[in-house]
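A quick write-up on the structure given underneath.
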Amino acid sequence: MLIRLPPNKDAHKGRRHRTKSEAKTPVPFASSASSASSTSSASSASSAASAASNASSRKHFLITVLAILVIVSATVLSSCVPKAEPQLTTEEKLEDFRLMFDVLKDNHPYLALKKRVEGYDWVAHESEFESAITATKNDKEFVQTIQRILLLINNGHTSVIGPDLFNLIKNLPEELTPWHNEAAKTDEETVARWFDMVVESMAYPQNQALPFMARYNQGKYLVYWISDDFSRRYKVDPGCVISKVNDMDVHDFVANLRGETWLYYDPQYKRLYMRDFLPPYKGAPYQVTFENDKGGTVEATASFQRITKPIYPPEFPTNIWQLGSNIYTAILEEGRVAYIHIFEMTQYQSSQLEREILLSFFEEIKDVPALIIDMRNNSGGDDRFWMLNIVRPLAREPLNEFQGAAIRTGEYIKPFMEANAEAFSDVEGLTSLGMQLTQKDIPSILTPEELENLPPEILGPDFEPPVFSMTTIEPSGECPYKGKIYVLTGPGVFSSAESFCMFCKSSGWATLVGEYTGGDGGGSTPAMITLPNSKIPVFFPSTLSLNPDFTANEETHTAPDVLVEPSPEDIIRYVKALTEGKKFSMPDPNYDTVLKECLRLALEETEAR
């Protein structure tokens, strides 16, 4: 049974709307918590090229469900002890690996990009991977090795598929036949069995964590929490930064963790990073060098220890820990600014209640001069959610977005692209005009700057000719909004949420405020392959998508119009308040640098109009 809460007319109180698709509230690094962090928490040649053209032209309503990637966390996933299963033979393991490797080698869109940008040539390690597979002694080691091989690509949509994502795939529109065909080759019990083994290798022992926590902030690892004993022993406090780990520069140390966890890419500093410094559990302590704001350094031995109370990482908005639903709305600044936070882009066919909540709120705020849509920590879903439930109702005029994309020349991806284009060929209120250019024509059409931005790999023989198009979203006339719209962004914005930010940037419909996004947006639904012997399902992206300036979104992500990074002081005060038990019933700009700056900007710009 679904319960829709009525609009709250009190301008100082926000609403939490419980929907069929319950939002995944973040879990603190808790001593008693029992879930691991996930993210969450896509002739034969000519037909595929045509499908790529159609898919690119309509890329924003294509479902880009976030792959469930297991990120190293200070918590552990409880799982049932699996029943005894026949173990795969070495020959069966190698057959599975070779199929996966060959499919990804010829169809994954980011392998050359990762080599160019991150310096890792995945294809060149084939023999090393094969030796690692051969050396596995049982099924657990096998699937953990498969996941490490996938993590070496270092892409958020490339992973062994977990139960949640598997169920989403099973519920995709029936026209998406290739996905359903691959899903039919395995089952929920098998998927859960393999995924539990993956999680087991990447979680910290229960109740164990390092005696400090650090968040990547403004290019540094800012320590935001330290245990009392560790602080007294080494005279270090929140606010210092990590400079070295095991006598290695901290950024080099993190880059060397490739394959053990998914690493973010920072397009500003052009380096890999972890959002929270959570190195793998090795049993042995880490030697950590801390640096204070005066340049002094302290060397410390950090051992894993028992944690007896929750440690809250600085996730925003501030009331994120109290949210139990997908959509939160509020009126801020004495009625002058409307606010929405959305956790995920629910599959459109399941979003009717959320649509009603949004339309009701849009009607309520029609005379409010500014609207903030908070996308932080929204990891994606279905593009049609934001197109049809947010943009069309609020738009006052047709909105145009430039789109560009390319796919690999491999045969495996072609049926996926064709089915995707056919399934989403007709979405109400959307029209697209596109053209496919041969690689030899592109240099004569793009400007020198655009050509320099274009990822060079798509001009090579391993890619089909790229497609460039213009998509128009027509207003529905339901709740035309006259005010100024802002979108809050950050590195937790991914997949379909990334596509929404790409649209805002390209069309100029909203001003992006905050940090760089997480990337891998736009394009088509990620593809999947089920390995024949183990029945392990694997997810991988299908399209290399371009930003309006022709850069690759996976490389440069989406830059905010107004760059605002959380201040170290706000982060430390916020975590201290959470640790002391403070409950935030609504977003609080006193602890949230990005929201505070956006509110200032909104009030300043609306008063000037």
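Fair warning: this is a prediction, and the values are worked out from it, not measured in the lab. The figures that follow rest on heavy atoms only: side chains count, while hydrogens, waters and symmetry mates do not. All residue numbers refer to positions in the sequence shown, counting from 1.
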Fill in: side-chain hydrogen bond (donor to acceptor under 3.5 Å, both in side chains) partner of Ser351, chosen from Asn389, Asn326, Thr346
Asn389

Discussion item. Tell me whether the count of non-hydrogen atoms from other residues, nucleotides or ligands lying under 6.0 Å of CD in Glu422 goes above 12.
Written reply: no

Worksheet item: For Tyr264 and Phe494, what are the C-alpha separation, side-chain angles and deciding distance, and is it a ring-ring contact (aromatic ring centres under 6.0 Å, His included)?
Response: CA-CA 11 Å; Tyr264 289 75; Phe494 185 71; 8.5 Å; no

Worksheet item: Counting heavy atoms not belonging to Gln87, are there more than 12 under 6.0 Å from its CD?
Response: yes

Worksheet item: Between Arg408 and Glu457, is there a salt bridge with N-O shorter than 4.0 Å?
Response: no

Discussion item. Using only atom types and a distance under 3.5 Å, with no angle test, would you say the side chain of Lys114 pairs donor to acceptor with the backbone of Asn154?
Written reply: yes

Worksheet item: Under 4.0 Å between a Lys/Arg side-chain N and an Asp/Glu carboxylate O for Lys505 and Glu401?
Response: no

Worksheet item: Could you walk me through whether Tyr204 and Phe304 pass the ring-ring contact (aromatic ring centres under 6.0 Å, His included) check?
Response: CA-CA 9 Å; Tyr204 283 5; Phe304 285 87; 5.1 Å; yes

Item to complete: Can you run down the salt bridge (Lys or Arg N to Asp or Glu O under 4.0 Å) pairs that involve residues 250-259, sequence neighbours left out, and say none if there aren't any?
Response: Glu118-Arg258

Worksheet item: Using 30° and 60° as the class limits, which term best fits the ring planes of Trp179 and Phe416: parallel, tilted or perpendicular?
Response: perpendicular

Discussion item. Can you give me the closest heavy-atom contact between Thr530 and Met528, atom names plus distance?
Written reply: OG1-CE, 3.8 Å

Discussion item. Does anything in residues 131-152 form a salt bridge (Lys or Arg N to Asp or Glu O under 4.0 Å)? List the pairs, not counting sequence neighbours.
Written reply: Asp139-Arg193, Lys140-Glu200

Worksheet item: Applying the side-chain hydrogen bond (donor to acceptor under 3.5 Å, both in side chains) test to Thr517, which of His557, Glu498, Arg376 qualifies?
Response: Glu498

